[in-house]
> 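My structure is below; once you've seen it, I'll send some questions.
Note that the coordinates shown come from a computational prediction; the quantities given were computed from them, not determined experimentally. Here is how names work: the chains are called A, B, and so on, in the same order as the sequence lines, proteins then strands, and each is numbered from 1.
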Amino acid sequence: MFELFAQADATAAGFGQYLLLGLVLGSLYALIALGYTMVYGIIELINFAHGDLFMLGTFFALGAATAVGATTADAGTGTIVLGLALMLVGTPLFCAGLNVATDRAIYKPLRRSPKLTVIVSAIGVSFIFMNLGLFWRGATPVKFPDLIPDTNLLGGAGSVRFTLKDAMVLGVTVPVMIALTVFVKLTPLGKAMRATAQNPTAAVLMGINVDRVIAVTFAIGGALAGVASVVYGLYIKSADYQMGFQNGLYAFTAAVLGGIGNIPGAVLGGLVIGVVGELGKAYLGAKWSEALIFGILIVILLFRPTGLLGARTREKV
Amino acid sequence: MSAPLLQVQDLEAGYGAIVALHGISLTVNAGEIVTIIGANGAGKSTTLNAVCGVVRARRGTVTFDGRDLTRVPAHEVVRLGLAQSPEGRKIFPRLTVLENLEMGAFTRRDAAGVKADIAKYYAMFPILEKRKHQPGGLLSGGEQQMLAIARALMSRPKLLLLDEPSLGLAPQIVVQIFDIIRELNKQGMSVLLVEQNARMALKVAHRGYVLETGRITFTDKADVLLNDDRIRAAYLGEEGH
């Protein structure tokens with residue numbers, strides 16, 4: 001029988017469950033979206049390879065966990081803690097390094113070229129990364145170690161389940177986003193990043209080394225994608241070489257929805273897309289979820305072309 | 001006599017195939033206000049940007065405080081004591097007034113000194129203190145110009161480069177800006193001022209250069225230029241005698 005819409009759990013607890021799932025996934029999209037939005041803010045490049053960087057990060061994390069034998073939840077607490085620590089430190093470093101190296105080797109020589117040239121080369125890098133992933137781990141999805149148990153932290157049957165895995169995702173993503181906000185808002189380097197994004201010529205006159213600021217931006221964006229890839233792997237428990245495409249597209253959409261170049265906007269956009277996607281999946285069916293997400297994007301951009309939080313103040317000339 | 005603070009010799013610079021400066025030479029001595037006047041497109045802003053390294057010199061030398069600047073990266077120049085209030089002011093629109101001032105002190109590590117200087121420029125420009133938590137982009141044109149000057153001063157420069165500080169401002173604000181320039185000079189600041197408003201610029205300056213399509217055509221003491229018939233006809237909107 002063909003069903004147009006899904007049969008969802010219509011109770012309040014059901015709604016709460018979908019909302020929670022949406023927020024958890026949304027916080028992951030937000031972490032990836034930050035990498036798009038920060039790089040765009042500084043050099044106006046839509047870095048299409050960013051989603052694939054996230055994919056390579058997941059493969060790296062998988063390798064790190066396997067290397068220390070942290071492959072199942074029964075591996076022993078010491079091994080699991082070691083595996084998690086190695087993943088959470090190593091993967092952001094790996095992604096940051098790869099992102100900075102890509103900028104140095106490919107985008108930096110094109111800094112004075114037309115914007116389209118750089119964007120097309122970013123699409124090229126995206127394919128190179130995807131093929132590296134294919135070469136690294138093959139075409140079939142690989143299992144990611146299930147190290148965090150699904151223990152429900154809220155008691156009672158029939159109510160909302162909030163598992164240790166959900167707590168892990170929010171426990172990593174939320175502090176990382178707060179730390180980034182504090183860094184960008186309050187530290188000299190963070191202020192230099194904002195200044196460079198707003199007026200690169202004036203930034204140079206202030207003594208800011210713009211090349212260094214760009215490198216730091218790629219490093220931070222890459223590290224955030226690295227954190228997201230570890231958390232995503234642990235949460236979804238699977239990885240494949242094409243996972244960067246869909247997640248990258250969602251994250252990019254989140255960045256545009258929030259106002260590209262705007263850091264709180266990327267976080268808001270990620271959460272909106274996560275929640276809309278999950279509620280849509282539950283109440284309308286999975287086949288409607290993407291149509292709903294991109295439909296909302298189009299409607300919002302029709303009324304607010306700069307995104308939800310984009311360009312709130314204009315420069316007087 | 002001691003060597004000039006800034007010495008530009010035979011400077012050639014441009015953009016792509018366009019040569020904007022065809023070998024110009026000028027000097028600024030310590031304690032002086034020197035102005036470069038000229039029409040739109042004469043190469044005035046290019047001169048300042050080539051001095052700062054934002055535009056690379058193709059030929060010639062820029063010597064500042066005894067150092068050759070032609071090989072120094074643009075972001076290092078401010079550390080050597082050269083600060084610019086750029087054309088169009090280039091305020092950071094989404095940073096607050098206070099953050100804009102802090103960016104001016106980006107190269108400094110003496111937090112107490114920076115704080116003292118912010119207080120000093122708040123006293124000089126009370127409107128900036130009143131608006132210290134507002135985004136720079138929301139200030140009026142005159143307020144933005146004051147912020148651009150204060151931001152440049154935050155690096156404690158030996159030479160202040162001012163690019164068209166009167167551009168787009170109401171006459172009474174222009175008078176105020178030029179009073180500030182005169183006052184800064186009285187306190188010892190050396191100034192290289194680029195202006196289309198030749199009359200105001202020559203009134204405040206000690207010496208002037210006239211730039212025409214990338215070449216210096218006249219140079220003299222400012223009061224001499226102010227009374228020169230050719231300058232009066234071409235730049236001060238007056239008929240010759």
> Counting only heavy atoms not in A/F245, do more than 12 fall under 6.0 Å of its CZ?
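Counting other residues, nucleotides and ligands, CZ of A/F245 stays at 12 neighbours or fewer.
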
> What do you reckon, is CZ of B/R58 surrounded by more than 12 foreign heavy atoms closer than 6.0 Å?
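Yes, because the 6.0 Å sphere around CZ of B/R58 holds more than 12 heavy atoms from other groups.
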
> Of the backbone (N, CA, C, O) and the side chain (C-beta and beyond), which part of B/V54 lies under 4.5 Å from a heavy atom of chain A, both, or neither?
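It is the side chain, since no backbone atom gets that close.
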
> Grab the two heavy atoms, one from A/A202 and one from B/K90, that are nearest each other, plus how far apart they are.
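Smallest interatomic distance, heavy atoms only, reads CB-O, 3.4 Å.
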
> To check you understand the geometry: which heavy-atom pair defines the closest contact between A/M206 and B/F106, and what is its length?
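Closest pair (atom of A/M206, atom of B/F106, distance): O-CB, 3.6 Å.
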
> So B/P86 and A/L205, do their side chains get closer than 4.5 Å, heavy atoms only?
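Yes, their side chains come closer than 4.5 Å.
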
> What I'd like to find out is whether the side chain of A/Q198 reaches to under 4.5 Å of the side chain of B/L95, using heavy atoms alone.
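Counting from C-beta outward, A/Q198 and B/L95 do come under 4.5 Å.
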
> Restricting to non-hydrogen atoms, name the atom on A/K191 and the atom on B/E99 that form the minimum distance, rounded to 0.1 Å.
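Where A/K191 meets B/E99 most closely, the heavy atoms are CE-OE2, 4.2 Å.
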
> Please determine whether the number of non-hydrogen atoms from other residues, nucleotides or ligands lying under 6.0 Å from atom CG of A/L116 exceeds 12.
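Count not over threshold, so no.
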
> Taking side chain as C-beta onward, heavy atoms only, is A/I208 less than 4.5 Å from B/M103?
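Sidechains of B/M103 and A/I208: in contact.
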
> Just wondering, more than 12 heavy atoms not from B/R56 lying within 6.0 Å of its CZ?
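More than 12 heavy atoms, drawn from other residues, nucleotides or ligands, come within 6.0 Å of this atom.
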
> Is it the case that more than 12 heavy atoms not belonging to B/R59 sit under 6.0 Å from its CZ atom?
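More than 12 heavy atoms, drawn from other residues, nucleotides or ligands, come within 6.0 Å of this atom.
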
> For atom CZ of B/R79, is the number of surrounding heavy atoms from other residues, nucleotides or ligands below 6.0 Å larger than 12?
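Enclosed: over 12 neighbouring heavy atoms sit under 6.0 Å from CZ of B/R79.
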
> Which pair of non-hydrogen atoms, one from A/G207 and one from B/V78, has the smallest distance, and what is that distance?
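It is CA-CG1, 3.3 Å.
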
